[in-house]
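Inspection log for the structure reproduced underneath, given as structure tokens.
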Amino acid sequence: MSELDEQIQNRRDKRQALAAAGVPVYPHRYEWDLEPTDVKTKYAAATAEELEALGLRLRVPGRVKAIRQQGKIVFLDLHDGREKLQLFIRKNQIPEADLQILDHLDLGDQLGASGQLIRTRAGELSLMVDGLTFLAKALRPMPEKWHGLADVEVRYRQRYLDLASNEDSRKVFETRAAIVRTLRTFLEARGFLEVETPMMHHIPGGATARPFKTHHNALDIDLYLRIAPELFLKRLLVGGIPRVYEINRNFRNEGISTRHNPEFTMLEFYWAYADYRQMMDFTEELIAAVAEAALAVQGKAEVTWEGRPINLARPWARLTMREAITRYAGLPDERLDSLESLQAIFAERGLAAPAGGTYGHHLMALFEAVAEEHLFDPVFITDHPVDVSPLAKQRPDDPRFVERFELYIAGMELANAFSELNDPDVQAERFRQQLTAREAGDAEAHLYDADYVRALEHAMPPAAGNGTGIDRLTMVLTDRQSIRDVILFPLLRPEAD
RNA sequence: GGGCCGCUAGCUCAACUGGCAGAGCAGCAGACUCUUAAUCUGCGGGUUGAAGGUUCGAUUCCUUCGCGGCUCACCA
């Protein structure tokens, strides 16, 4: 028998022994008063004398994280995922039936304990136990108590073990929850209405990406998991919801990396009567509020990336895409003015020509190649080329460019926003151009969405829209360099066997 | 998909240039009435990711495969 099988058998035997002694091994409920974390926070300051005078009797549930036996007394740590509460058990002061439980307990078991709250001589807040309730058996051994679980593969595949043994991991997901909560609070306070739009699309749109394909049997039609909610949310602007947002999953059938998971969470919001400049101000405020909440949860004073502080002081820098290239590549602005000139730069630098091959594709690719990695503190990169921005409104003074920005922090694109194109005829023309690009081999060019154009024909108010990646925002605010560390169950290949 | 790296006991990790696979924690048995990584005594636990190959001998070298990490490509 292998060592693991032996441990499992031991634990099964103990469970059997308890059942034979008449102990319900999987009871249906447990009446409890406080969890360990709440006990710790409420009575952190109480002295031994105060607790004695109080004579507080509590029932506390949790997972057994440590057992320290010392002759006829047993110390036991009960954990609720955040904090532990120590149980102090005198074996001769609990009922015979509960002694059975104690004698058949293993690390990892779920247990309820009743008793009086005291402080030990060593000063540890503890429950002086007078009764135990068995709640569930851990048939498998927990990861080691001191080093926790280090194997990244197991941490991702068996996240329950990661959460149960690594406090840091729990903290990341608490922070993520605070980030989403703060986004909602901020937007709700400003009159934005939360909506849910379809995840299954006939025409995948609103972003440049390859979709997942699926099939509906009863209708016998192919459907696509959405790559963005954008076109539906803007239909809602037409419908008379001038401030609207959605926080939900997008799906993109592309490579996996430290910054990409096939399903990821996006906030998209649309703000009628505003343009992209107002949206920049709004975004600064929004992200600053979220950062503050994230720091509070983590008990940190500043946002850091790989230990290096990120300066979130406002106002944040704003650079046009051409200015960013000029600054970081040392290229004069005049050389960024034509496709021919850009192609010459690509040739000089040995850069591969981008898919699509237009002026805009080249400018965007050049920006990503030379500037992106330098953008550590928050910066808005603005004024993208029109041919890579088919849903954005052109600049009145230079229609080759659009009123758009991307927010970069720690070298990562966190948000993408623009003044929304609302002229149906221009939009129709942009869609046609995308189709042409598609026919020329650009697999990610947008599809023509006739109903969306029809919606614009009913008049969409001028508006600014913003899409912010929640996973990446969480990465930045928790100093995690892999997106898998901020997604509870990241996509992995299935396990062998 | 390409390149590089990793996979040893339940967990965390050792094992020199190819020469008897180890430690701590966890487990099992015992001692101990204020411990908190408790301590002390003793014991058990391995298809070294899988399959082949080279060799007197492979955790170690080679090949293929699996899974993971980083990175490039793609992208948000």
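The figures here come from the full heavy-atom set of this structure, side chains too, leaving out hydrogens, waters and symmetry mates. Sequence lines set the chain letters: A, B, ... in the order given, protein chains first and strands last, and positions in each chain run from 1.
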Any heavy-atom pair between the side chains of A:E403 and A:D383 that's under 4.5 Å?
no
Find every protein N or O atom lying less than 3.5 Å from an N or O atom of nucleotides 12-15 of chain B, and list the pairs.
{"unit_1": "B:U12", "atom_1": "OP1", "unit_2": "A:A150", "atom_2": "N", "d": "2.9"}
{"unit_1": "B:U12", "atom_1": "OP1", "unit_2": "A:D151", "atom_2": "N", "d": "2.9"}

Looking at the side chain of [X], which of [options] is the nearest nucleotide?
X	options	answer
A:K14	B:C11, B:C28, B:U36	B:C28
A:L4	B:U35, B:G45, B:G10	B:G10
A:K145	B:C74, B:G68, B:A37	B:A37

Does [X] reach a base, just sugar-phosphate, or nothing at all? Heavy atoms under 4.0 Å.
X	value
A:I8	nothing
A:T208	sugar-phosphate
A:Q7	base

Pairs under 3.5 angstrom, nitrogen or oxygen only, protein versus nucleotides 2-8 of chain B, please.
none

How do A:L491 and A:F264 order along RNA chain B: which one's closest nucleotide is nearer the 5' end?
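Between the two, 5'-proximity favours A:L491.
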Residue whose closest nucleotide on RNA chain B lies nearer the 5' end, A:D77 versus A:P141
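Looking at the nearest nucleotide for each, A:P141 comes out on the 5' side.
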Looking only at side-chain N and O atoms, does A:T258 come under 4.0 Å of OP1 or OP2 in B:U71?
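Answer yes for this pair, as a side-chain N or O of A:T258 is under 4.0 Å from OP1 or OP2.
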Among side-chain atoms of A:N466 and A:T283, is any donor-acceptor pair under 3.5 angstrom?
yes
Using a cut-off of strictly less than 4.0 Å between a heavy atom of the residue and any atom of RNA chain B, enumerate the qualifying residues of [range] by number.
range	answer
residues 61-71 of chain A	A:R68, A:Q69, A:Q70, A:G71
residues 469-487 of chain A	A:R472, A:S482, A:R484
residues 84-94 of chain A	A:K84, A:Q86, A:F88, A:R90, A:N92

Does the ring of A:F264 carry A:R252 above it, NZ/CZ under 6.0 angstrom from centre and within 45° of its axis?
no
Whole-Å distance between B:A9 P and A:D5 CG?
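To the nearest whole Å, that distance equals 14 Å.
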Between A:N253 (CG) and B:A76 (P), how many Å, whole number?
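One finds 14 Å between P of B:A76 and CG of A:N253, rounded.
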Given A:F269, which partner from the list A:F282, A:F186, A:Y245 fulfils the ring-ring contact (aromatic ring centres under 6.0 Å, His included) test?
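Answer to the ring-ring contact (aromatic ring centres under 6.0 Å, His included) test with A:F269 among A:F282, A:F186, A:Y245: A:F282.
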Its dot-bracket string being built from Watson-Crick and G-U pairs below 3.5 Å, with | for another strand and [ ] for crossing, RNA chain B has the pattern (((((((..((((.....[..)))).(((((.......))))).....(((((..]....))))))))))))....
Taking the six-membered ring for Trp and the single ring otherwise, decide whether the centroids of A:F232 and A:Y270 are under 6.0 Å apart.
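No, the ring centres sit 6.0 Å or more apart.
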Below 4.0 angstrom, N of the basic side chain to O of the carboxylate: do A:K234 and A:E420 qualify?
yes
